[in-house]
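Single-structure report; data block below.
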Amino acid sequence: MYTFSNKLKTFSFILMLLGAIGVGYGFFTSHLSFEEVETLLAEEAHHGGGHGEDVAHAAPAHDAHAKENAHGDTAHAKSGEHHVDAHKEHVEHVQHQIANRPWSALYVAAFFFMMIALGVLAFYAIQIAAQAGWSPVLFRVMEGITAYLLPGALIVLAIAVASGTIGHYNIFMWMNPEVTNPESHHYDKLIDGKSGWLNIGWFAVRGLVFIAGWSLYRHFARKFSIAQDTAEDNSNFKKSFRISAAFLVFFIYSESIMSWDWIMSVDPHWFSTLFGWYVFASMFVSGITVIALVTIYLKSKNYLEFVNENHLHDVAKFMFAISIFWTYLWFSQFMLIWYSNIPEEVTYFVTRFQDYQLPFLGMVVMNFVFPLLLLMNAEYKRIPWFVVMAGLVILFGHYVDIFNMIMPATVGDRWFIGIPEIASVLLFAGLFIFVVFTALTKAPLLVKGYPFRKESEDFHY
């Protein structure tokens with residue numbers, strides 16, 4: 001049985017405490033007044049900033065037209081009023097983007113750790129449904145990681161709904177009732193046309209259905225796995241096989257719809273039919289990477305003596321293969337949209353190239369170039385510290401991937417990886433460690449009664 005060490009438990013609490021303080025600081029400092037934002041933009045204009053230039057041009061125009069208005073020039077007065085309105089609207093827009101940042105940082109980190117657990121759950125179900133002979137010795141590690149799925153997914157859904165109720169539509173612009181009100185200045189005909197699907201109530205119901213389906217499978221798969229340890233026949237294994245096959249069908253549909261709801265709808269004017277697969281590849285490789293990291297950690301603490309370098313080699317092969325698969329999907333989505341050059345589609349990538357060039361291109365390097373170079377050699381896949389190094393790069397790369405999906409639509413060019421972003425990662429990393437390693441203490445680390453246990457223990461090539 002695994003024992004959750006006091007050092008690791010204390011470390012997880014410290015991460016959560018530091019994360020909570022940083023998140024609180026991010027929210028506290030994000031609510032700038034109109035005058036503060038105006039001053040900020042003026043300073044940016046003085047130093048050659050982007051948004052500030054618009055404000056600097058708008059303000060003199062306002063002054064000039066105000067003087068003309070004093071001389072009774074009605075036409076110029078109206079023009080001046082237009083500049084005043086444009087100036088005010090622009091400052092309020094930037095003010096809103098700055099307020100969005102802590103919400104978005106929290107959401108990105110919450111989704112990232114949730115998707116790791118969901119990716120591991122899918123991998124676990126695939127292993128059981130395929131009756132794989134190499135992986136059963138890692139099943140309890142997978143079950144421990146998936147324990148985070150229920151609390152993690154509920155947190156993601158709670159942040160999403162809260163941002164549209166108490167947070168003034170900070171993440172999802174379609175949650176603003178004004179965009180579906182034809183009499184409102186903010187009315188958006190396209191979003192109004194999607195309001196039958198994109199509304200808070202239906203959004204929350206769909207999310208709860210997804211979470212319930214994933215959690216029920218995890219609960220029963222874990223229950224049958226533990227029961228099989230002391231069973232005299234393979235009835236629990238057969239039950240687990242059947243529900244795994246059924247779950248994978250549910251997962252294919254629910255994961256795609258979840259991707260549309262929880263990520264793609266932050267850009268409600270844009271859509272991609274490949275998006276569900278793209279998000280799946282990111283969560284799948286991230287989940288497999290965490291399996292490798294947790295396994296290596298437990299091995300370093302003299303647990304999992306039945307896991308050998310061949311098992312690590314196979315996990316690293318999946319890390320390598322799914323990284324290539326992710327790159328294929330990323331390039332397919334990007335290349336087709338770029339080549340067709342349809343304005344309402346290409347704007348998604350134009351925004352990211354203009355304001356997010358470093359994280360956008362850096363993500364491709366971390367998620368493709370590094371795994372390709374580090375994990376191509378078969379011998380390197382058997383070296384624990386080498387797999388850890390590659391795994392950390394992959395995880396950071398896919399965090400940046402989620403960052404690139406969310407931030408451009410919510411904060412525009414006001415992005416920065418600072419205290420709100422780092423604190424959010426620390427908060428959920430601490431919670432993830434606490435939940436996962438607590439779950440590992442609840443059952444033996446070897447599935448003793450599993451039919452393919454012996455084959456898995458003797459696995460070598």
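Counting non-hydrogen atoms of other residues, nucleotides and ligands closer than 6.0 Å to CG of N6 gives a total of 12 or fewer.
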request  = Verify side chain to side chain donor-acceptor pair (under 3.5 Å) between H311 and N308, making sure each step is shown before the conclusion.
outcome  = CA-CA 6 Å; H311 299 106; N308 58 50; 3.2 Å; yes
inquiry  = I417 vs I422, test: side-chain contact (heavy atoms from CB on, under 4.5 Å). Steps then yes/no.
reply    = CA-CA 7 Å; I417 296 183; I422 295 172; 4.3 Å; yes
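For Y380, there are no side-chain hydrogen bond (donor to acceptor under 3.5 Å, both in side chains) partners two or more places apart in sequence or in a different chain. With sequence neighbours left out, F271 forms a side-chain contact (heavy atoms from CB on, under 4.5 Å) with M264. Checked against side-chain hydrogen bond (donor to acceptor under 3.5 Å, both in side chains), S424 has no partners two or more places apart in sequence or in another chain.
Using a cut-off of 4.0 Å between Lys/Arg side-chain N and Asp/Glu carboxylate O, D314 and K317 are scored as salt-bridged. A salt bridge links R140 with E143: the distance from a Lys NZ or Arg NE/NH1/NH2 to an Asp or Glu carboxylate oxygen falls below 4.0 Å.
Seen from the ring of F210, R206 does not count as a face-on cation partner, given the 6.0 Å and 45° thresholds.
Judged by distance alone, with hydrogens and angles left aside, the side-chain atoms of N404 form no donor-acceptor pair with the main-chain N or O of D401 at under 3.5 Å. One N or O on the side chain of W270 and one on the backbone of E345 form a donor-acceptor pair closer than 3.5 Å. Remark: the backbone N or O of L121 is not paired with any side-chain donor or acceptor of R218 at under 3.5 angstrom. For the pair T347 (side chain) and P343 (backbone), a donor-acceptor distance under 3.5 Å is absent. Formation of a donor-acceptor pair under 3.5 Å by the R101 side chain with backbone atoms of Q97 is not found in this model.
Judged by distance alone, the side chains of S240 and Q228 never bring a donor and an acceptor atom under 3.5 Å apart.
Side-chain contact between F275 and M405 is present, with at least one heavy-atom pair separated by less than 4.5 Å.
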